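Encoded as structure tokens, the structure appears first; notes follow it.
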Protein chains: 2
Amino acid sequence: MDVTARPEGADCRGVSEILSRVGDKWTIQVVVALRLGARRFNGLKREVGGISQQMLTRTLKVLERDGMIARTVHPSTPPQVEYTLTPLGHSLSETVRQLADWAAENRQNIEDHRLRYDADHA
Amino acid sequence: MDVTARPEGADCRGVSEILSRVGDKWTIQVVVALRLGARRFNGLKREVGGISQQMLTRTLKVLERDGMIARTVHPSTPPQVEYTLTPLGHSLSETVRQLADWAAENRQNIEDHRLRYDADHA
DNA sequence: CGGAATCCGAGCAGATACTG
DNA sequence: CAGTATCTGCTCGGATTCCG
């Protein structure tokens, strides 16, 4: 099914909801951290700098609910919980990387526009 | 932990800032509306359903500052202000469309995961 | 018509403390 | 270690009003 065929799809809401996930400050950082392999809770907390454990908990729960990551509990003392990217999560990370590439390419350009805009509106 | 210490960490802030723009509820809708051609303020307000004029004003200002859209004033009575997508804005819209395609393709999949997750955690 | 300025309520994010 | 619970502040976004 090609989205480009119809100008305004019925699932615009669903799409923009997913876009807002992508734009979320923590979601992407967690996904990126998991691209390299499985991580545990506090490992992620360390790797994703500046995140509170509550935000990490919430982010992980949302991602798990959406099927982007898998949560595996190894019953032991101390308890170990591993998070891994599902195929769907990997798929997302690839798509996001394209957007990130675009952002990296055009970052300087955008920055220049801002400086000029700010200068004109001083 | 210093973000810049990580590989590719130099533009992480800039990139994630752009990602947050993409995830913004209104930004994308405005860009999409402008893909079809120039629009005026109240035209956009009508086309992007549910947006307040303050949010539209803010969104347009940010997009103009970033060089995504161009603002052209036709001095007349009543005043006419036209907004158009710049090449950079078009470029962004193309990249976002790829993400939107991904979202459309996987929306059902995600929805299924959610239903199952909610059922398990009932 | 195309905005700018102000006020205000809701929701999200952080810090902290506690639990299995 | 891996969370949960609570409280709080603070930003976002909407409605309203006013200006050129």
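A note on names: the letters A, B, ... follow the listed sequences, proteins ahead of strands, and every chain is numbered from 1. Computed from a predicted structure; not experimentally measured.
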Carboxylate-amine/guanidinium contact [X] [Y], below 4.0 Å:
{"X": "A:Arg35", "Y": "A:Glu47", "value": "no"}
{"X": "A:Arg97", "Y": "A:Glu94", "value": "yes"}
{"X": "B:Glu111", "Y": "B:Arg116", "value": "no"}

If each of A:Asp24 and B:Pro78 is mapped to the nucleotide of DNA chain C with the nearest heavy atom, which maps nearer the 5' terminus, i.e. the 5' end?
->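 Its nearest nucleotide being more 5', the pick is B:Pro78.
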Whichever of B:Arg58 and B:Asn42 has its nearest DNA chain C nucleotide further upstream toward 5' |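 The residue closer to the strand's 5' end, by nearest nucleotide, is B:Asn42.
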Look at the side-chain N and O atoms of [X] and state whether any lies under 4.0 Å from the OP1 or OP2 oxygen of [N].
{"X": "B:Trp26", "N": "D:dC12", "value": "no"}
{"X": "A:Tyr83", "N": "D:dC1", "value": "no"}
{"X": "A:Lys61", "N": "D:dT4", "value": "yes"}
{"X": "B:Arg40", "N": "C:dC1", "value": "no"}

Roughly, in whole Å, what's the span from [atom1] in [X] to [atom2] in [N]?
{"X": "B:Leu44", "N": "C:dC1", "atom1": "CG", "atom2": "P", "answer": "14 Å"}
{"X": "B:Leu60", "N": "C:dG2", "atom1": "CG", "atom2": "P", "answer": "11 Å"}
{"X": "A:Leu56", "N": "D:dA2", "atom1": "CG", "atom2": "P", "answer": "10 Å"}
{"X": "A:Arg21", "N": "C:dC12", "atom1": "CZ", "atom2": "C1'", "answer": "14 Å"}
{"X": "A:Lys25", "N": "D:dT11", "atom1": "NZ", "atom2": "P", "answer": "12 Å"}
{"X": "A:Gln80", "N": "D:dA2", "atom1": "CD", "atom2": "P", "answer": "7 Å"}
{"X": "A:Phe41", "N": "C:dG20", "atom1": "CZ", "atom2": "P", "answer": "17 Å"}
{"X": "A:Met55", "N": "D:dA2", "atom1": "CE", "atom2": "P", "answer": "19 Å"}

Side-chain touch A:Arg21/A:Asp66, heavy atoms, less than 4.5 angstrom =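 They are in contact (side-chain heavy atoms under 4.5 Å apart), so the answer is yes.
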With sequence neighbours excluded, tell me which residues meet side chain to side chain contact (heavy atoms under 4.5 Å, CB included) with A:His74.
->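 Only A:Thr72, A:Gln80, A:Glu82 meet the side chain to side chain contact (heavy atoms under 4.5 Å, CB included) criterion with A:His74.
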Counting side-chain heavy atoms from CB outward, which of [options] is closest to [X]?
{"X": "B:Val81", "options": "C:dG2, C:dT16, D:dA2", "result": "C:dG2"}
{"X": "B:Pro79", "options": "C:dT16, D:dG20, D:dA2", "result": "D:dG20"}
{"X": "A:Ser52", "options": "C:dT16, C:dA15, D:dA2", "result": "C:dA15"}

Intermediate values then yes/no, side-chain contact (heavy atoms from CB on, under 4.5 Å), A:Tyr117 and A:His113 | CA-CA 6 Å; A:Tyr117 182 95; A:His113 272 285; over 6 Å; no
Answer with yes or no whether B:Gln54 presents, from its side chain, a donor or acceptor under 3.5 Å of a partner atom in the base of D:dT16.
->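 Looking at the base of D:dT16, it does not pair with any donor or acceptor on the side chain of B:Gln54 (distance under 3.5 Å).
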Exercise: identify the closest heavy-atom pair between B:Leu34 and B:Ile69 =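 For B:Leu34 and B:Ile69, the tightest heavy-atom pair comes out as CD1-CG2, 3.6 Å.
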Using the C1' atoms of five pairs at each end, what's the angle between the two axes of the helix from C:dC1-D:dG20 to C:dG20-D:dC1, to 10 degrees?
->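 The end-segment axes of the helix from C:dC1-D:dG20 to C:dG20-D:dC1 are tilted 40° relative to each other.
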Would B:Leu88 and B:Tyr83 show up in the same hydrophobic cluster when neighbours are defined by side-chain heavy atoms closer than 4.5 Å?
->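 Yes: a chain of side-chain contacts under 4.5 Å links B:Leu88 to B:Tyr83.
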